[in-house]
Amino acid sequence: MFLAIDAGNSNIVFGFYDETKNKWIYEFRVETSRNLSVLQLEKTIHLFFLENNIKIDLITQVGISSVVPEVNPILQQFCMEYLGHTCYLIDGNSYKKLKVSTARPNEIGSDLMCNVAAAYEKFKDTAIIVDFGTALTFTAIGQDGKVLGVNIVPGLKTAIKSLFSNTSKLPEVELKLPKSALGRDTIHSIQSGILYGYTGLVKGMLETMQQEIGKPCHVIATGGLSSILTTLKDTFESVDRNLTMEGIRLITQGNTTLEMGSKD
Ligand SMILES: Nc1ncnc2c1ncn2[C@@H]1O[C@H](COP(=O)(O)OP(=O)(O)O)[C@@H](O)[C@H]1O
Ligand SMILES: CC(C)(COP(=O)(O)O)[C@@H](O)C(=O)NCCC(=O)O
Ligand SMILES: [K+]
């Protein structure tokens with residue numbers, strides 16, 4: 001069994017891939033805390049393993065993507081102590097040969113690079129990956145797998161939290177699409193503004209990007225919040241919640257069609 005650990009700014013996701021069944025069989029999330037301790041992580045995971053009858057010995061390999069460097073030592077120590085494994089931490093060296101037309105390839109988040117590897121494996125064609133996490137990101141890949149560009153905006157929850165923390169009177173509202181776009185009270189107004197507003201943002205961004213690329217692209221969504229905007233159901237060719245984990249697996253195992261660069 002392969003274990004992918006995807007450390008994002010809101011959640012650290014542990015994904016378990018069963019190689020005999022060729023599928024992701026479990027997903028486990030913990031909140032990303034910069035004060036996370038190894039002991040705390042071990043306790044939580046231990047319980048999850050017991051509940052799901054997962055045997056540690058079945059884990060043969062561990063790959064990590066992290067965009068939260070503060071938790072890296074904790075995750076590495078966890079792998080060594082609890083799983084008895086060294087882990088492969090994806091970084092700029094993992095994809096140093098990858099064709100990237102952005103100015104500073106090493107700056108790109110490893111989660112986005114994992115998305116690129118997995119989406120290119122799927123389409124082998126121009127594609128845009130929309131990742132609904134703490135940040136909402138758009139990553140464009142060319143026909144040959146070259147990364148054409150990345151756009152970053154505040155994610156849905158981040159936008160809601162930012163209104164709450166920057167105003168006196170706006171509450172933190174549930175991420176729920178209201179029936180009407182015309183807000184009738186404060187909660188409804190925020191929900192409409194964010195959810196219908198982001199619907200337009202995503203559609204507009206995709207249109208602008210495809211115009212610049214000069215052809216229609218495959219568009220795929222991922223991320224913990226990828227199913228909130230039901231208004232976008234016809235915009236995405238597919239929604240793949242495991243895309244980043246799939247990329248972690250492909251890069252760690254050196255199985256990408258893209259020339260990523262050596263992991264040694
Ligand atoms: N099954 C789910 N249902 C609803 N929301 C979810 C689910 N899984 C994750 N989320 C939400 O998705 C967000 C995290 O998305 P994620 O893509 O993991 O972000 P990040 O990579 O920035 O940590 C969190 O706000 C979490 O509450
Ligand atoms: C854009 C991100 C913050 C997204 O992180 P997430 O929403 O998954 O927590 C992350 O990929 C990151 O820190 N990237 C570095 C900057 C870049 O990609 O150009
Ligand atoms: K992510």
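Heavy-atom basis, side chains included; hydrogens, waters and symmetry copies ignored. For ligands, and for the atoms within them, numbers begin at 1 and follow the listed sequence.
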Discussion item. Starting from atom 19 (O) of ligand 1, what is the nearest protein heavy atom, named by residue and atom, and what distance separates them?
Written reply: G133 CA, 3.4 Å
Worksheet item: Hey, which atoms in ligand 2 end up nearer than 4.0 Å to a heavy atom of L112?
Response: 11 (O), 18 (O)
Discussion item. Which option wins on minimum heavy-atom distance to atom 10 (C) of ligand 2: V67, V153, N115, T32?
Written reply: V67
Worksheet entry | S94 and Y88: side chain donor to acceptor below 3.5 Å | yes
Discussion item. With salt bridge (Lys or Arg N to Asp or Glu O under 4.0 Å) as the rule and sequence neighbours excluded, what pairs involving residues 66-93 come up?
Written reply: R34-E70
Do any side-chain atoms of residues 203-217 form donor-acceptor pairs under 3.5 angstrom with protein atoms, and if so which ones, sequence neighbours left out?
unit_1, atom_1, unit_2, atom_2, d
T208, OG1, G204, O, 2.8
Q210, OE1, C217, N, 2.8
Q210, NE2, L206, O, 3.4

Response to the item:
Ranked by distance from atom 25 (O) of ligand 1, the top protein heavy atom is K157 NZ, 3.0 Å
Discussion item. If the cut-off is 4.0 Å to any non-hydrogen atom of N9, which atoms of ligand 2 fall inside it?
Written reply: 3 (C), 5 (O), 6 (P), 9 (O)
Worksheet entry | Sub-6.0 Å ring centroid separation between F16 and F49 | yes
Discussion item. Looking only at protein heavy atoms, which one is nearest to atom 21 (O) of ligand 1, and what is the separation?
Written reply: G8 CA, 3.5 Å
Fill in: Among D111, T222, I152, side chain to side chain contact (heavy atoms under 4.5 Å, CB included) partner for T137
I152
Item to complete: Using a strict cut-off of 4.0 Å, indicate which atoms of ligand 2 neighbour a heavy atom of G8.
Response: 9 (O)
Worksheet, complete the sentence: atom 2 (C) of ligand 2 has as its nearest protein heavy atom A135 CB, 4.4 Å
Worksheet item: Side-chain donor-acceptor pair under 3.5 Å between T134 and T158, yes or no?
Response: no
Worksheet item: Are any of the N or O atoms of G224 closer than 3.5 Å to those of ligand 1?
Response: yes
Practice prompt. Decide whether the shortest distance between a heavy atom of L225 and an atom of ligand 1 is less than 4.0 Å.
Written response: yes
Practice prompt. Before signing off on this row, confirm whether T32 and ligand 1 have an N or O atom pair separated by under 3.5 Å.
Written response: no
Practice prompt. Identify, by atom number and element, the atoms of ligand 1 in contact range of F132, meaning under 4.0 Å from any of its heavy atoms.
Written response: 17 (O)
Worksheet entry | Shortest reach to atom 11 (O) of ligand 2 by a heavy atom, considering only D111, V150, L136, D131 | D111
Discussion item. Need the ligand 1 atom indices (1-based, order shown) with element for anything under 4.0 Å from a heavy-atom of N9.
Written reply: 20 (P), 22 (O), 23 (O)
Practice prompt. For Q253 and E19, test the side chains for any donor-to-acceptor distance below 3.5 angstrom and give the result as yes or no.
Written response: yes
Item to complete: Could you please spell out the steps behind the side-chain contact (heavy atoms from CB on, under 4.5 Å) verdict for I25 and M1?
Response: CA-CA 10 Å; I25 49 171; M1 196 156 57; 3.8 Å; yes
Worksheet item: Among protein heavy atoms, which lies nearest atom 18 (O) of ligand 1, and at what distance?
Response: R29 NH1, 2.9 Å
Discussion item. Evaluate G109 for polar contact with ligand 2, using N/O atom pairs at a separation under 3.5 Å.
Written reply: yes
Worksheet item: What atoms of ligand 2 come within less than 4.0 Å of a heavy atom belonging to E107?
Response: 15 (C), 16 (C), 17 (C), 18 (O), 19 (O)
Worksheet item: Do side-chain atoms of Q191 reach the backbone of E174 as a donor and acceptor pair under 3.5 angstrom?
Response: yes
Discussion item. According to a hydrophobic-cluster definition based on side-chain heavy atoms being under 4.5 Å apart (Ile, Leu, Val, Met, Phe, Trp, Tyr only), do I5 and L112 belong together?
Written reply: no
Worksheet entry | Contact atoms of ligand 1, heavy-atom distance to R241 under 4.0 Å | 1 (N), 2 (C), 7 (C), 8 (N)
Fill in: Side chain, backbone, both or neither: E27 near ligand 1, heavy atoms under 4.0 Å
neither
Worksheet item: So, does S226 use its side chain to make a donor-acceptor pair with the main chain of G223 at under 3.5 Å?
Response: yes
Discussion item. Need the ligand 2 atom indices (1-based, order shown) with element for anything under 4.0 Å from a heavy-atom of T137.
Written reply: 1 (C)
Worksheet item: Got an N/O contact under 3.5 Å between D131 and ligand 1?
Response: no
Worksheet, complete the sentence: shortest atom 26 (C) of ligand 1-to-protein heavy-atom contact is with N11 OD1, 3.6 Å
Worksheet item: Any chance CD1 of I187 has more than 12 other-residue heavy atoms, nucleotides or ligands included, within less than 6.0 Å?
Response: no
Worksheet entry | Those atoms of ligand 1 less than 4.0 Å from some heavy atom in G223 | 17 (O)
Discussion item. Taking the six-membered ring of F2 as reference, does the cationic atom of R249 (NZ for Lys, CZ for Arg) lie under 6.0 Å from its centre and within 45° of its axis?
Written reply: no
Worksheet item: Do Y120 side-chain atoms and Q143 backbone N/O form a donor-acceptor pair below 3.5 Å?
Response: yes
Worksheet item: Would you say ligand 2 has an N or O under 3.5 Å from any N or O of G133?
Response: no
Discussion item. So does M245 get a backbone contact from the side chain of N242, meaning a donor-acceptor N/O pair under 3.5 Å?
Written reply: no
Worksheet item: For ligand 2, which atoms have a heavy atom of I108 less than 4.0 angstrom away?
Response: 17 (C), 18 (O), 19 (O)
Worksheet item: Counting only N and O atoms by type, is there a donor-acceptor contact under 3.5 Å from the side chain of T252 to the main-chain atoms of I248?
Response: yes
Practice prompt. Give a yes or no on whether atom 3 (N) of ligand 1 lies under 4.0 Å from any heavy atom of the protein.
Written response: no
Worksheet, complete the sentence: shortest atom 20 (P) of ligand 1-to-protein heavy-atom contact is with T134 OG1, 3.6 Å
